[in-house]
Amino acid sequence: MNRAALKNPLVLAVMALIAFAIVSMSAYIVPETRQAIITSYGEYRRTASTAGLHFKIPFIEQINWVDKRILRVEMEPQEVLSTDQLRLQVDAFARFKITDPLKMYRTIRSEEKLTTQLRAILGSRLRNELGKRTFATLLSPERGQIMDNIQDTLNQEARKYGAEIVDVRIKRADLPQGTPLESAFERMRTARQQEAVSIQAEGQKEAQIIRADADAEAAQIYAAAYGKDPQFYDFYRAMQSYRTTFRTDNGQTTNMILSPDSEYMRQFSGRD
């Protein structure tokens with residue numbers, strides 16, 4: 001191209017446009033919330049994880065964006081059958097983050113596919129875990145343990161795709177429309193009453209065992225005391241009998257007619 005052409009404003013404008021197009025296709029900005037995986041015809045080249053201005057080869061290299069933030073996957077409401085034969089409508093969600101973007105790209109390619117995969121796994125794990133529980137369990141503190149179990153099993157699958165599960169929560173677990181609530185609550189009430197009866201019976205059994213052991217120990221102590229001093233033991237038992245016989249609850253005296261030679265009054269007569 002000669003110098004005259006280079007001085008032509010139209011030529012300069014075209015060249016400037018071409019240069020601008022090349023630079024705009026080569027440069028890209030990585031925001032704080034994302035990172036870029038650069039590929040060339042499907043083959044991995046590099047990862048741009050630092051925020052700021054970066055460059056790529058136009059038409060040859062492509063950008064695959066990966067979010068750094070905590071993402072959320074919503075499970076479709078599902079029906080779960082509990083162990084007490086109640087059909088529950090369960091709505092849950094999980095939060096996750098991509099910890100290994102390269103592994104995510106190589107195994108499943110995109111965030112959308114990863115979200116779809118985790119949604120299916122979440123539904124499966126939730127059905128398996130809740131299918132081992134009763135409806136009342138979801139209303140008790142044990143619900144937290146259920147969520148931890150689901151999160152652990154879901155994490156095992158998420159790590160295969162370079163992701164980590166941050167949290168799993170059940171938004172709602174309701175009985176379906178038309179389910180007789182009173183019948184369901186009555187079954188729960190009956191189960192709790194049976195459990196209370198079982199605990200009470202076990203307590204009575206243990207109380208009887210303790211009482212029998214105490215009586216046996218007391219008998220051994222009495223026998224040992226009697227063997228050491230039979231006369232004192234006989235005197236002590238007689239005093240106990242007198243106190244029971246002559247004591248009244250209203251404070252009045254009790255009149256009894258006994259012979260001076262009565263065997264019952266021998267402790268007062270001084271007879272051996």
Side-chain angles (χ1 to χ4, degrees), residues 30-51 54 61-176 179:
V30 177
E32 291 285 350
T33 59
R34 309 181 79 182
Q35 51 191 327
I37 294 179
I38 309 303
T39 59
S40 177
Y41 303 107
E43 294 295 328
Y44 171 77
R45 294 303 181 192
R46 63 187 178 277
T47 300
S49 57
T50 57
H54 296 261
E61 294 181 336
Q62 297 81 39
I63 302 176
N64 301 272
W65 294 106
V66 179
D67 209 317
K68 291 181 178 179
R69 296 170 296 182
I70 294 178
L71 306 176
R72 180 173 172 134
V73 53
E74 295 280 351
M75 187 192 77
E76 296 293 334
Q78 298 189 24
E79 188 175 87
V80 178
L81 182 65
S82 63
T83 55
D84 47 358
Q85 303 303 308
L86 292 178
R87 296 186 179 275
L88 311 176
Q89 292 290 344
V90 180
D91 190 5
F93 71 90
R95 296 189 299 163
F96 70 97
K97 62 181 179 180
I98 298 173
T99 56
D100 190 340
L102 178 57
K103 187 174 184 180
M104 186 277 296
Y105 177 77
R106 286 176 171 172
T107 55
I108 205 165
R109 292 294 179 180
S110 66
E111 292 178 10
E112 292 75 14
K113 292 182 180 179
L114 175 60
T115 301
T116 301
Q117 183 71 8
L118 291 180
R119 181 180 295 111
I121 298 173
L122 174 61
S124 175
R125 295 295 182 269
L126 192 70
R127 287 193 301 272
N128 291 340
E129 190 67 28
L130 297 186
K132 306 174 185 176
R133 315 285 177 167
T134 63
F135 175 66
T137 303
L138 298 179
L139 308 178
S140 68
E142 192 177 346
R143 176 171 175 164
Q145 183 61 47
I146 297 175
M147 294 297 97
D148 291 341
N149 293 343
I150 296 175
Q151 180 174 339
D152 291 341
T153 55
L154 186 58
N155 236 334
Q156 295 176 6
E157 297 296 326
R159 292 191 185 100
K160 298 178 182 179
Y161 305 102
E164 178 184 354
I165 303 301
V166 177
D167 194 15
V168 177
R169 285 289 177 266
I170 293 179
K171 294 193 293 185
R172 184 174 60 187
D174 298 330
L175 296 172
T179 302

Asks: Taking the side chain as every heavy atom from C-beta outward, state whether L130 and I146 have any atom pair closer than 4.5 Å.
Replies: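 Yes, side chains in contact.
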
Asks: For the pair Q62 (side chain) and Y41 (backbone), establish whether a donor and an acceptor sit closer than 3.5 Å, ignoring hydrogens and angles.
Replies: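 A pair under 3.5 Å: yes.
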
Asks: I need the Q35 CD to H54 NE2 distance, nearest 0.5 Å.
Replies: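 Output value for this atom pair is 10.5 Å.
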
Asks: Can you measure from OG1 (T99) to CZ (R159) and round to the nearest 0.5 angstrom?
Replies: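 With rounding to 0.5 Å, OG1 (T99) is 9.0 Å from CZ (R159).
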
Asks: Rounded to the nearest 0.5 Å, what's the gap from CD1 on I108 to NZ on K113? Could you check?
Replies: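 So the CD1 of I108 and the NZ of K113 are separated by 8.0 Å.
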
Asks: Is the closest basic N to carboxylate O distance between E129 and R133 below 4.0 Å?
Replies: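 Counted as a salt bridge, because a side-chain N and a carboxylate O are separated by less than 4.0 Å.
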
Asks: Is it true that atom NZ of K97 has more than 12 heavy atoms of other residues, nucleotides or ligands lying nearer than 6.0 Å?
Replies: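 Count not over threshold, so no.
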
Asks: Is the closest basic N to carboxylate O distance between R45 and E43 below 4.0 Å?
Replies: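 Looking at E43 together with R45, the answer is no, because their closest N to O distance does not fall below 4.0 Å.
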
Asks: Within the 4.5 Å heavy-atom criterion, are V80 and R127 side-chain neighbours or not?
Replies: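 They are in contact (side-chain heavy atoms under 4.5 Å apart), so the answer is yes.
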
Asks: Could you tell me whether the side chain of D91 and the main chain of R172 form a donor-acceptor pair under 3.5 Å?
Replies: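 No; judged by distance alone, with no hydrogens or angles, the pair does not exist.
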
Asks: Out of curiosity, Y161 OH to K103 NZ, how far, rounded to the nearest 0.5 Å?
Replies: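 Nearest 0.5 Å value for the OH-NZ distance: 10.5 Å.
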
Asks: Is the closest side-chain donor-acceptor distance between N155 and Q151 under 3.5 Å?
Replies: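 No, because no side-chain N or O of N155 sits under 3.5 Å from a partner of the opposite role on Q151.
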
Asks: CG/L154 to CG/N149 distance, rounded to the nearest 0.5 angstrom?
Replies: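 It comes to 12.5 Å.
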
Asks: Are L126 and Q78 side-chain neighbours, meaning at least one heavy-atom pair lies under 4.5 Å?
Replies: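 They are not in contact (no side-chain heavy atoms under 4.5 Å apart), so the answer is no.
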
Asks: Are the side chain of K68 and the backbone N or O of S49 linked by a donor-acceptor pair below 3.5 Å?
Replies: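 Here the side-chain-to-backbone pair exists.
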
Asks: Does a side-chain heavy-atom distance below 4.5 Å link L71 with T115?
Replies: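 Sidechains of T115 and L71: no contact.
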
Asks: Can you measure from OG1 (T39) to CG (N64) and round to the nearest 0.5 angstrom?
Replies: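 Answer for the OG1-CG pair, T39 versus N64, is 4.5 Å.
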
Asks: In the structure I gave you, are the side-chain heavy atoms of R46 and E61 within less than 4.5 Å of one another anywhere?
Replies: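 Yes, their side chains come closer than 4.5 Å.
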
Asks: Looking at side-chain heavy atoms only, is the closest gap between I150 and N128 below 4.5 Å?
Replies: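 Counting from C-beta outward, I150 and N128 never come under 4.5 Å.
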
Asks: Do the numbers put R109 on top of the ring of Y105, so that NZ or CZ is under 6.0 Å from the six-membered ring centre and no more than 45° off the axis?
Replies: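 The answer is yes; both the distance and angle limits are met.
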
